[in-house]
Asks: 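Sharing a structure, written as structure tokens. Questions coming.
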Amino acid sequence: MIAGYFVVLVIIALLTSRKATSESFFIANRNAPWYMVAFAMIGTSLSGVTFISIPGMVASQSWSYMAVVLGYIVGYLVIGTVLMPMYYRLRLVSIYTYLEQRFGFWSYKTGAFFFLISRAVGAAFRLFLVAGVLQLAVFDSLNVPFAVTVSISILLIYLYTFRGGLKTILWTDTFQTMAMLVCVFVSIYLMADELNLGFAGLVKTVKESAMSQIYFSDPKDDKFFWKQFASGAFITIVMTGLDQDLMQKNLSCRNLQDAQKNMFWFTIAIVVVNVFFLSLGVLLYQFAAAKGITLPTNPATGKVIGDNVFPLLATNHFSLFAGIVFILGIIAVTYASADSALTALTTSFCVDMLDIKQYEEKKQTRVRQLTHFGFSLVLIVIILIFRAINDQSVITAVFKAAGYTYGPLLGLYSFGLFTSRGLHDRLVPYVCVAAPLVTWFINANSKTWWGYEFGFEILILNGLLTFLGLLAISRARVPELNPVA
């Protein structure tokens with residue numbers, strides 16, 4: 001089944017990569033239908049971590065994540081009305097080109113560098129977690145080493161993306177988003193059937209469960225609604241609007257109006273999909289309780305390991321059909337995220353670091369394909385390093401550290417859009433390195449100092465510190481050097 005799944009992806013790639021050019025690789029010739037982009041973005045914006053973690057977290061976090069999802073709506077509104085008009089007006093291929101036009105060379109390279117670090121570590125982390133699930137569920141019994149599993153998986157991504165790039169990914173991600181949604185719906189249906197729940201009973205069970213609670217009581221709690229809501233808005237602005245990966249798809253639409261339609265319908269779809277994920281989580285725990293299944297717990301805390309719940313039930317307690325659907329679903333959502341990340345890394349490095357437009361098309365193709373292969377190897381190496389460390393707390397800390405690198409992007413773009421001042425450009429890298437370090441120090445001590453625990457809103461603090469640092473090194477605008485408002 002897994003082999004057949006990849007055959008489908010390769011066939012799609014062969015059909016969509018004919019006469020591929022750098023323009024089609026980077027932005028799909030700017031003629032992608034908006035409805036395809038909207039649907040494909042669902043799979044890209046999620047990941048295997050989301051697929052496993054959101055259902056698993058409802059036992060400890062209830063539906064507090066729904067506040068983050070509702071915050072997404074505000075974030076997508078800002079992207080559609082503020083960022084996308086600017087990107088389309090400037091006809092950008094890499095969104096970080098804006099920083100060069102607004103501030104200068106060092107700001108531009110700093111923004112691109114932080115994206116490359118964030119996306120490379122983030123994509124590798126997500127692939128590492130899912131590869132571990134697939135290894136346990138499928139490949140250990142076939143005596144396939146983990147390194148072989150990871151290498152073949154990423155090289156398959158390279159195989160179906162290296163020619164067509166974004167033009168191919170829009171089609172493969174449409175297919176993979178459909179596969180992921182089928183998995184979620186089938187899992188919900190089969191559990192509801194096992195629990196003898198019709199549609200009304202299903203809705204009532206989820207609604208009345210203690211695991212469907214949203215927290216409004218204690219502002220110091222990291223699950224507090226308005227804290228999560230604000231975090232969701234800023235996370236969306238940064239991890240979608242200021243991220244080459246997801247904005248690359250938006251920039252492939254025919255015009256700004258199509259891109260805004262795509263963003264509007266995508267917003268509705270992503271909220272609905274997350275409701276299904278959270279509902280799936282409630283049903284997983286209800287199913288386990290009804291069947292008397294003992295869920296895996298952390299020996300140190302005695303708490304259920306949420307990330308293991310869905311994989312355990314799907315591969316050991318669901319039917320064979322449901323188990324196969326789960327495996328294909330997790331592959332679909334992981335590769336929809338990973339193939340897009342690999343293409344975005346290639347695009348940013350080629351455009352932002354190598355200035356690939358200076359070469360003729362034949363050399364562009366050669367440089368682009370070498371870069372694409374190089375980043376495939378980078379992802380393999382990072383994943384194998386994670387495996388060698390073999391300490392989940394350390395690996396998670398590395399992933400969280402990569403998350404800190406979005407704060408400087410938030411600060412840079414905010415300063416560019418909402419002030420008219422210029423910057424001492426050479427000092428920008430120092431500010432953008434210092435802000436995450438100070439943020440980390442505050443986060444590590446906030447509970448001791450104030451009894452306050454940071455959640456996702458740590459991104460807001462990081463962006464604010466970057467903004468203040470940039471303000472400290474700012475100067476009056478020099479119009480002829482910074483033509484873009």
Side-chain angles (χ1 to χ4, degrees), residues 27 41 44-45 68 71-90 92-103 106-123 230-252 259-260 262-263 266-267 270 337 340-341 343-345 347-349 351-353 402-419 423 428-429 431-433 435-436 439 456-467 469-470 484-485:
I27 48 175
M41 278 181 63
T44 305
S45 63
V68 177
Y72 289 171
I73 298 172
V74 176
Y76 290 131
L77 179 65
V78 172
I79 293 168
T81 58
V82 177
L83 292 175
M84 286 205 304
M86 178 183 72
Y87 295 154
Y88 268 85
R89 185 175 72 249
L90 301 176
L92 301 181
V93 173
S94 166
I95 63 173
Y96 307 113
T97 311
Y98 163 76
L99 296 174
E100 181 176 38
Q101 297 182 38
R102 177 65 174 86
F103 297 124
W106 289 104
S107 299
Y108 170 41
K109 299 300 181 183
T110 300
F113 173 78
F114 274 109
F115 163 74
L116 290 169
I117 294 294
S118 303
R119 184 51 69 184
V121 174
S231 301
F234 280 92
I235 286 169
T236 301
I237 292 169
V238 172
M239 299 188 77
T240 299
L242 306 183
D243 187 288
Q244 177 66 24
D245 189 351
L246 282 159
M247 289 314 297
Q248 194 165 346
K249 282 188 170 68
N250 285 280
L251 294 174
S252 69
Q260 288 174 324
N262 147 57
M263 187 58 66
F266 166 71
T267 301
I270 203 69
S337 175
S340 183
T343 302
L345 287 166
T347 299
S348 180
F349 193 81
V351 175
D352 300 324
M353 299 301 181
Y404 276 80
T405 57
Y406 280 102
L409 287 172
L410 177 61
L412 276 166
Y413 277 84
S414 298
F415 196 87
L417 290 167
F418 301 118
T419 77
L423 293 172
V428 169
V431 170
C432 290
V433 169
T439 302
F456 294 128
E457 77 278 8
I458 196 71
L459 171 66
I460 302 173
L461 174 64
N462 196 354
L464 176 62
L465 290 175
T466 304
F467 186 95
L470 295 174
V484 181

Asks: Quick one: list whatever passes side-chain contact (heavy atoms from CB on, under 4.5 Å) with Phe113, sequence neighbours left out.
Replies: Ile117, Met353
Asks: List for me each residue that meets side chain to side chain donor-acceptor pair (under 3.5 Å) alongside Ser348, sequence neighbours excluded, and say none if there are none.
Replies: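 Ser348: side chain to side chain donor-acceptor pair (under 3.5 Å) contacts with Asp352.
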Asks: Under the side-chain contact (heavy atoms from CB on, under 4.5 Å) test, which residues partner Phe234, sequence neighbours left out?
Replies: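 Only Leu410, Leu459, Ile460 meet the side-chain contact (heavy atoms from CB on, under 4.5 Å) criterion with Phe234.
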Asks: Keeping to residues at least two apart or across chains, list the side-chain hydrogen bond (donor to acceptor under 3.5 Å, both in side chains) pairs with something in residues 230-241.
Replies: none
Asks: Roughly how far, to the nearest 0.5 Å, is OG1 of Thr466 from CG of Leu409?
Replies: 9.0 Å
Asks: Quick one: side chain to side chain donor-acceptor pair (under 3.5 Å) partners of Ser107, sequence neighbours excluded?
Replies: Asp425
Asks: Holding to side chain to side chain donor-acceptor pair (under 3.5 Å), I want the full list of residues that pass it with Tyr72, two or more places apart in sequence or in another chain.
Replies: Tyr65
Asks: Would you tell me whether Gln248 and Thr347 have side-chain atoms, one donor and one acceptor, within less than 3.5 Å of each other?
Replies: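 Yes, side-chain donor-acceptor contact under 3.5 Å.
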Asks: Look up atom NZ in Lys249 and atom CD in Gln244, then write down how far apart they are to the nearest 0.5 Å.
Replies: 11.0 Å
Asks: Output all residues satisfying ring-ring contact (aromatic ring centres under 6.0 Å, His included) with Phe349, sequence neighbours left out; order by chain, then residue number.
Replies: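 With sequence neighbours excluded, Phe349 shows a ring-ring contact (aromatic ring centres under 6.0 Å, His included) to Phe375, given in chain and number order.
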Asks: Output all residues satisfying side-chain contact (heavy atoms from CB on, under 4.5 Å) with Ser45, sequence neighbours left out; order by chain, then residue number.
Replies: Leu246, Phe266, Ile270
Asks: Taking only residues two or more places apart in sequence, or in another chain, which ones meet Ala233 in a side-chain contact (heavy atoms from CB on, under 4.5 Å)?
Replies: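 Once residues adjacent in sequence are excluded, the partners of Ala233 under the side-chain contact (heavy atoms from CB on, under 4.5 Å) criterion are Val74.
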Asks: With Phe467, which residues qualify under ring-ring contact (aromatic ring centres under 6.0 Å, His included), at least two apart?
Replies: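 For Phe467, the residues satisfying ring-ring contact (aromatic ring centres under 6.0 Å, His included) (neighbours in sequence not counted) are Phe415.
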Asks: ring-ring contact (aromatic ring centres under 6.0 Å, His included) between Phe103 and Tyr108: does it pass, once the steps are laid out?
Replies: CA-CA 8 Å; Phe103 297 124; Tyr108 170 41; over 10 Å; no
Asks: Asp243: which residues meet the side chain to side chain donor-acceptor pair (under 3.5 Å) condition with it, sequence neighbours left out?
Replies: Arg119, Tyr406
